[in-house]
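What follows is one structure encoded as structure tokens, with my remarks underneath.
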There are 2 protein chains.
Amino acid sequence: MHFLNLSERQQGILRFIVEFMHLHHYAPTIRQIGETVAISSTSVVKYNLNKLQEYGLILRERDISRGLSVNWEQLQQSGYPYELNGESVRGRQREERLPEADVERLRVPLLGKIAAGTPIAVTPSEVYDPEGWIELAAGMVAGPADKLFALRVQGDSMIDASVLDGDIVILRHQETAYDGDMVAAWIEGDEETTLKYFHRDGASVRLVPANPNPVYQPIVRAAEQVRINGKVVSVIRLLR
Amino acid sequence: MHFLNLSERQQGILRFIVEFMHLHHYAPTIRQIGETVAISSTSVVKYNLNKLQEYGLILRERDISRGLSVNWEQLQQSGYPYELNGESVRGRQREERLPEADVERLRVPLLGKIAAGTPIAVTPSEVYDPEGWIELAAGMVAGPADKLFALRVQGDSMIDASVLDGDIVILRHQETAYDGDMVAAWIEGDEETTLKYFHRDGASVRLVPANPNPVYQPIVRAAEQVRINGKVVSVIRLLR
DNA sequence: TCATAACACGAACATTTGTGCGATGTCAAC
DNA sequence: GTTGACATCGCACAAATGTTCGTGTTATGA
């Protein structure tokens with residue numbers, strides 16, 4: 001979706017968000033957006049925000065105050081006129097990545113384990129003690145080196161994804177996915193975490209194992225039952 | 001204020017905030033912080049957050065949900081440990097690290113494809129004509145970083161090793177193996193290349209698939225029939 | 001022209017989330 | 001032992017903030 005094909009309001013909203021996030025270091029609320037873009041109803045803002053999210057330009061997390069972020073890469077590709085904001089989108093991106101100044105080497109936090117029977121704790125509830133960091137060459141992940149984290153696979157339950165006990169899975173944190181993405185998802189009802197290829201079938205979701213052997217079957221669940229934890233960008237197996 | 005001079009709780013809080021913001025693109029709430037750092041009272045979190053703000057490490061805006069941001073510059077100067085097991089990484093230490101770059105990053109030649117039906121022909125001379133190079137962090141391979149080469153898997157024939165089409169296998173060139181090593185081997189008679197765990201049974205060799213699913217069975221062959229091409233040290237899968 | 005989808009409105013609502021404050025615990029200085 | 005700074009705890013509270021829903025309004029196309 002090209003920037004200029006957005007509705008006027010959506011352009012305004014996007015511009016404001018970019019500007020706001022540049023000024024503060026957090027996102028605006030829908031009310032703040034509404035005020036500056038002259039939208040009286042919060043629901044209208046939400047409506048347009050949803051559109052922007054559909055276009056992949058922003059990312060929003062449900063029920064989270066200011067849980068709004070900009071997909072900078074997508075924004076650039078949309079032909080966003082970032083000169084208008086005084087500073088470039090690139091500048092902003094650099095700022096975001098300050099913690100990883102080294103472009104060629106990535107440091108990805110190893111946040112815990114992933115196993116079939118237990119949900120991934122994106123926000124671990126125990127005493128905070130990350131297990132460490134994984135060093136990667138930048139080429140080891142496709143796409144932006146952003147929102148990445150690593151999990152160690154525990155048990156052979158993900159073998160249908162050709163992922164073995166002890167493997168390390170590199171994920172990009174996101175709660176939505178596109179068809180063909182391999183995702184880590186928690187399936188409510190089944191109460192299990194799984195690694196599968198994601199396909200949307202209307203209101204339901206089809207999760208297809210990577211291993212084409214027919215002993216491993218796709219599963220289909222209602223979309224609401226499937227909670228995506230992240231997109232798998234890489235799997236690494238270290239043999240002794 | 002140096003990072004290590006912070007109270008344990010403050011260190012935990014700071015660490016959590018940094019990682020949280022790395023994953024999401026917004027700040028955590030004081031409650032989320034409290035849960036992960038095992039602080040039961042929101043006011044205690046606030047108290048420590050105030051401290052961190054006094055030290056200039058974070059910035060907070062009153063009454064704003066998640067209106068919390070990190071002062072990255074200050075953080076770096078505080079000696080924040082991006083590597084938890086090693087010593088802290090400061091901007092100044094960069095130059096010292098540069099000479100070590102060769103040690104920390106590996107370039108492994110990509111020598112071709114590996115498929116079930118064709119033997120791997122790796123002669124030392126071919127090393128000089130690779131299809132490309134794979135950049136790895138040193139931690140991606142165990143053991144010495146010599147005699148390494150990479151092959152791209154073609155086809156689903158190695159699925160019994162939980163290795164998929166397109167995966168990259170990092171091998172160390174060697175013609176013998178110890179029990180328990182995963183090897184790439186050409187089996188004469190069967191005329192095929194396979195990736196399996198190597199076990200010696202007297203005069204014969206037992207090759208065990210990594211996938212324990214009984215549809216994949218070990219094979220036993222006379223030792224002379226099994227030509228080892230190398231030991232698998234790593235398997236890497238890149239998803240788009 | 002009519003149906004339909006896309007867009008907009010506003011108010012009610014439910015949560016999420018930060019703040020305030022009195023009470024308690026700890027520890028070193030006097 | 002008393003004092004006081006510092007750190008902690010619970011909990012009540014109010015403000016901040018996203019969502020839902022019934023109802024208009026405006027395009028779009030057959």
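Just so it is clear, the values below take in all heavy atoms, side chains as well, and ignore hydrogens, waters and symmetry mates.
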Q. Residues in side chain to side chain contact (heavy atoms under 4.5 Å, CB included) with A:R206, at least two apart?
A.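 With sequence neighbours excluded, A:R206 shows a side chain to side chain contact (heavy atoms under 4.5 Å, CB included) to A:H199, A:D201, A:V208, A:P218, A:V220, given in chain and number order.
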field: Heavy-atom donor-acceptor pair, B:S43 side-chain to D:dC9 base, under 3.5 Å
entry: yes
Practice task
Indicate, yes or no, whether a donor-acceptor pair under 3.5 Å links the base of C:dT17 to the side chain of B:T42.
Solution key: no
> What distance separates A:T176 OG1 from A:E54 CD, expressed to the nearest 0.5 Å?
Replying inline: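 Going from OG1 on A:T176 over to CD on A:E54, the span is 11.0 Å.
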Output for pair (A:K231 NZ, A:Y178 OH), nearest 0.5 Å, gives 9.5 Å
d([atom1], [X]; [atom2], [N]) in whole Å:
X     : N      : atom1 : atom2 : result
B:E54 : D:dC6  : CD    : C1'   : 12 Å
A:L68 : C:dT16 : CG    : C1'   : 16 Å
B:R9  : D:dA7  : CZ    : P     : 11 Å
A:I58 : D:dG18 : CD1   : P     : 12 Å
B:I33 : C:dT16 : CD1   : P     : 17 Å
B:N5  : D:dC6  : CG    : P     : 16 Å
B:Y26 : C:dT17 : OH    : P     : 9 Å
A:Q11 : C:dC7  : CD    : P     : 14 Å

Checking B:F3 now: which residues fulfil ring-ring contact (aromatic ring centres under 6.0 Å, His included) with it, not counting sequence neighbours?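 Once residues adjacent in sequence are excluded, the partners of B:F3 under the ring-ring contact (aromatic ring centres under 6.0 Å, His included) criterion are B:Y80.
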Tabulated below should be each protein N or O lying under 3.5 Å from an N or O of nucleotides 14-17 of chain D; please produce it.
{"residue": "D:dT17", "atom": "OP1", "partner": "A:R66", "partner atom": "NE", "Å": "2.7"}
{"residue": "D:dT17", "atom": "OP1", "partner": "A:R66", "partner atom": "NH2", "Å": "2.8"}
{"residue": "D:dT17", "atom": "OP1", "partner": "B:S65", "partner atom": "N", "Å": "3.1"}
{"residue": "D:dT17", "atom": "OP2", "partner": "A:R66", "partner atom": "NH2", "Å": "3.2"}

Looking at C:dA8, I'd like to know if its phosphate oxygens (OP1 or OP2) sit under 4.0 Å from a side-chain N or O belonging to A:Y47. no
ask   = What nucleotide, of C:dA8, D:dT8, C:dC9, holds the atom closest to the side chain of A:N48?
value =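 Selected nucleotide: C:dA8.
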Heavy atoms from C-beta onward define the side chain here; which of C:dG20, D:dA7, D:dT19 lies closest to that of A:K46?
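Closest nucleotide among those given: D:dT19.
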Salt-bridge contact A:D167-A:R237 (side-chain N to carboxylate O under 4.0 Å):
yes
Comparing B:R62 with A:I39, nearest DNA chain C nucleotide closer to 5' gives the residue A:I39
- request: Any chance you could lay out the side chain to side chain donor-acceptor pair (under 3.5 Å) test for A:R66 and A:Q32, step after step, and finish with the verdict?
  value: CA-CA 10 Å; A:R66 299 170 186 271; A:Q32 284 176 316; 3.2 Å; yes
Could you check whether B:Y26 and A:E61, counting side-chain N and O atoms only, form a donor-acceptor pair closer than 3.5 Å?
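Yes, side-chain donor-acceptor contact under 3.5 Å.
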